[in-house]
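The structure appears right after this line, and notes come after that.
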Number of protein chains: 2
Amino acid sequence: MTRTSSQPSIASVAAAAGVSPTTVSHALSGKRAVSPETRERILQAIEDQKYRPNMVARSLRRRKTQSIALIVADITNPYYPALARAVHDSLAEAGYVSLIGNTDGVRENEQTMLEEMVARGVDGVIMRPMELSGREIREIVGPAIPVVVVADEDETGPVDRVTTDDAQGIDEAVHALHEDGIDDLGFVGDPLASTSMSRHAAFTSAVDELGLRVQADWIVDSEFTRDGGYAAARRLLALEHRPRGIVCANDLIAIGVVQAARDLGIAVPGELAVVGFDDIDTASLMSPALTTVLNPAAAVGATCADLILRRIADPAMEHQRVSLPTRLVRRESA
Amino acid sequence: MTRTSSQPSIASVAAAAGVSPTTVSHALSGKRAVSPETRERILQAIEDQKYRPNMVARSLRRRKTQSIALIVADITNPYYPALARAVHDSLAEAGYVSLIGNTDGVRENEQTMLEEMVARGVDGVIMRPMELSGREIREIVGPAIPVVVVADEDETGPVDRVTTDDAQGIDEAVHALHEDGIDDLGFVGDPLASTSMSRHAAFTSAVDELGLRVQADWIVDSEFTRDGGYAAARRLLALEHRPRGIVCANDLIAIGVVQAARDLGIAVPGELAVVGFDDIDTASLMSPALTTVLNPAAAVGATCADLILRRIADPAMEHQRVSLPTRLVRRESA
DNA sequence: TTGTAGGCGTTATCAG
DNA sequence: CTGATAACGCCTACAA
């Protein structure tokens, strides 16, 4: 009896079962009939050897890796884990595994990450880009790989899109503020991030529609982080004439803003109303509880997974664009 | 001139540069000298064709995938993203990519996930197991794959370990409560999760050391979630004679406990002191701010990555066990 | 119902 | 300094 220390292979199983590798392969895939007795022997051998097909060999041969890339700015932003988990679950069900990449939203990283994933032969890419457009992404990954982008571009580009109707929520927020007599409004967001841009645009149009005047220096830049929001607010709130309400591009920023206000002795919501975006867990738990726009992360993730699976199944399908609703969750901060 | 629509391969590059695939391979790997002129031509051809090596073919041949599995219970638990990000960053630097798996802490999923990752040929596994022991994990993945486990088993098993000194923090917590005259202490955690078990053990020994008596029904079970904590607390706080302080196995549970107390009209910290574990972001932001034990997620992640890289570099290295400190962060809830 | 042979794209070995 | 050749483990015509 020969004992090899190496991993069992389809060949070793075949040998043990007294059949050809071909038959083992078919017994596994069911793509061809195998007599009950041989199948039995094969299954037995597989069990004995604890055989599991080598996925990398299979991938090379099939030209499919059963893996998809999930590329986000920063998994540490509480918005993403919910999205990632939903993607993971839907995909796992279909036998896919997720490769995850963080880009910090910087253009070069986004590009490098995409190239790396393509080189690794992922069967699809789900990405929430901050700087790259759908068109640029398609350019980088080539024509053959399914791409689902989470972004708010209107452009109907060469990728599938999952969008949230951010304008809806922002609009509700601005109107709510207005109804409370708060018309001096500022916005803090990241002019480099597309997500932020579209929220900014929504803010601007809501404000315009209401005929409100917003000072140029009430629009301030910040990364999508607490620290960014804090720093931005320190600047904004130091202005001689400062806004009485601030709409933030995400909750992390809003949290930073609330902290800055507190440190400056400015009462929230009394002297300053703050509204966030995303509705991360912390929003409802913090004090003052954050008024924010609910961003359905899990639904977005599930939709992405669904879309990528559908496109893998039908590459010729016309490009999809699904939009998920968004709504204001009124709490204490505004 | 021939135009193929397929991806460029090492062969197409070789053809364009007028050399053999072997030479291209060496030009890329640097494992063998290549004359400046040929190298130049090769690089040019690579650029022209936008060639990138096919990682799956490379993996098959090299028997290395430059990927590692990161297996956790639930990426949605705010403790994990910080860990995952640290792992991701350290690994990316070394050219590795992370496959992420969620198990919800259930034994069967832990096993299946491990098998899947092994079949995919990961070069290492970083796992925070809830039910599987280091020994069992090693059993499943076989002897050859580096495994780093984040767990508190003392057992010096066949894997590398990163531990946090949970006992330290819990001990500080129990003592702090005691010094405040709070001696009726309860604990809520998950009897199935090893992480929770060790924290429970630490709680018990701290309490014993102080000579405190804890009622059997003050130890209650809960999953590592907010809802779990809420439900557990509803039961616990309905007791005729209830504890005046509750130590929780993690922050999510603690948040649920605080909410239950609020809903029951029990003042925190006035009538009930609550301490959590992990120090997730929300802990410092919520109201009352959560007193909790700081669990250095990012440091744990970085250490895991470091360890797995070291073992890949030196498979014969003796099994490591590194312990990271933990400490009480006193805030409002206790 | 089963088997043989060739190849997926790369790298390691051996030869020149 | 450079090439031919084989092999990594699997799948799929093509044959029987």
Side-chain angles (χ1 to χ4, degrees), chain A residues 4-43 45-46 49-67 95 118-123 142 144, chain B residues 4-43 45-46 49-67 95 118-123 142 144:
Chain A
T4 29
S5 63
S6 64
Q7 291 286 80
S9 72
I10 207 169
S12 66
V13 169
V19 296
S20 75
T22 304
T23 303
V24 176
S25 176
H26 284 108
L28 251 24
S29 70
K31 290 197 175 177
R32 171 165 110 174
V34 173
S35 83
E37 305 85 53
T38 23
R39 140 164 284 114
E40 198 46 55
R41 266 179 298 137
I42 290 171
L43 262 25
I46 286 178
Q49 305 189 14
K50 293 200 172 91
Y51 168 74
R52 294 217 62 188
N54 178 323
M55 294 303 279
V56 0
R58 174 177 285 178
S59 295
L60 180 58
R61 177 60 231 236
R62 288 195 185 160
R63 295 154 153 285
K64 295 205 139 55
T65 53
Q66 296 285 112
S67 66
V118 171
R120 285 177 181 273
V122 295
D123 297 341
Chain B
T4 29
S5 63
S6 65
Q7 291 286 80
S9 71
I10 207 169
S12 67
V13 169
V19 295
S20 74
T22 305
T23 303
V24 175
S25 177
H26 284 106
L28 250 24
S29 70
K31 290 195 176 180
R32 167 166 114 173
V34 173
S35 84
E37 305 83 55
T38 24
R39 138 162 287 113
E40 199 44 55
R41 264 180 299 136
I42 290 171
L43 261 25
I46 286 178
Q49 306 190 13
K50 294 202 172 96
Y51 168 75
R52 295 217 60 187
N54 177 322
M55 294 304 277
V56 0
R58 173 177 286 179
S59 294
L60 179 60
R61 181 61 236 227
R62 288 197 185 157
R63 297 157 151 282
K64 291 199 144 57
T65 54
Q66 296 287 110
S67 66
V118 171
R120 284 176 183 275
V122 295
D123 297 341

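Letters A, B, ... are given to chains in the order of the sequence lines, protein chains preceding strands, and every chain is numbered from 1. Predicted model, so just to flag it, every value in this text is computed and none were measured.
Among residues two or more places apart in sequence or in another chain, the side chain to side chain contact (heavy atoms under 4.5 Å, CB included) test is passed with A:A15 by none. For A:R120, the salt bridge (Lys or Arg N to Asp or Glu O under 4.0 Å) partners two or more places apart in sequence, or in a different chain, are A:E116. Partners of A:S67 under the side chain to side chain donor-acceptor pair (under 3.5 Å) rule, at least two apart in sequence or in another chain, are A:T65. Judged as a side chain to side chain contact (heavy atoms under 4.5 Å, CB included), and not counting sequence neighbours, the contacts of B:K31 are B:H26, B:S29. In this view, B:S20 and B:T23 satisfy the side chain to side chain donor-acceptor pair (under 3.5 Å) rule, not counting sequence neighbours. B:R52 meets the side chain to side chain contact (heavy atoms under 4.5 Å, CB included) test with A:E115, A:A119; sequence neighbours excluded. Judged as a side chain to side chain donor-acceptor pair (under 3.5 Å), and not counting sequence neighbours, B:E40 has no contacts. In terms of the side chain to side chain contact (heavy atoms under 4.5 Å, CB included) criterion, residue partners of B:T38 (sequence neighbours excluded) are, by chain and number, B:V19, B:V34, B:S35, B:R41.
Of the possible polar contacts, none joining the B:S25 side chain to the B:P21 backbone as a donor-acceptor pair under 3.5 Å is found.
A:S59 comes within 4.0 angstrom of nothing in the nucleic acid, heavy atoms only. Among the protein residues, B:V34 comes within range of the sugar-phosphate backbone only, with heavy atoms under 4.0 Å from sugar or phosphate atoms but none that close to a base. Residue contacts shown for B:V19 are limited to sugar-phosphate atoms, with no base heavy atom under 4.0 Å away.
Between the CG atom of B:L60 and the P atom of C:dG7 there is a distance of 16 Å, given to the nearest Å. Across the protein-nucleic acid pair, A:I42 atom CD1 and C:dT1 atom P stand 13 Å apart, rounded to whole Å.
Each of B:G18 and B:R63 lies near DNA chain D, and the nucleotide nearest B:G18 is the one positioned closer to the 5' end.
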Exercise. Using a cut-off of 4.0 Å between protein heavy atoms and nucleotide atoms, how would you tag nucleotides 11-16 of chain C 5' to 3' with B, S and -?
Worked result: BB-B--
Exercise. After noting the C-alpha distance and the side-chain angles of A:I42 and A:I46, does the key distance pass the side chain to side chain contact (heavy atoms under 4.5 Å, CB included) rule?
Worked result: CA-CA 6 Å; A:I42 290 171; A:I46 286 178; 3.9 Å; yes
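Where DNA chain D meets chain A (any atom under 4.0 Å from a heavy atom), the bounding nucleotides read 5' to 3' are D:dG9 to D:dC14.
Interatomic distance, A:R61 CZ to B:L60 CG, rounded to the nearest 0.5 Å: 12.5 Å.
From one end of the helix from C:dT1-D:dA16 to C:dG16-D:dC1 to the other, with five pairs defining each end axis, the axis direction shifts by 40° (rounded to 10°).
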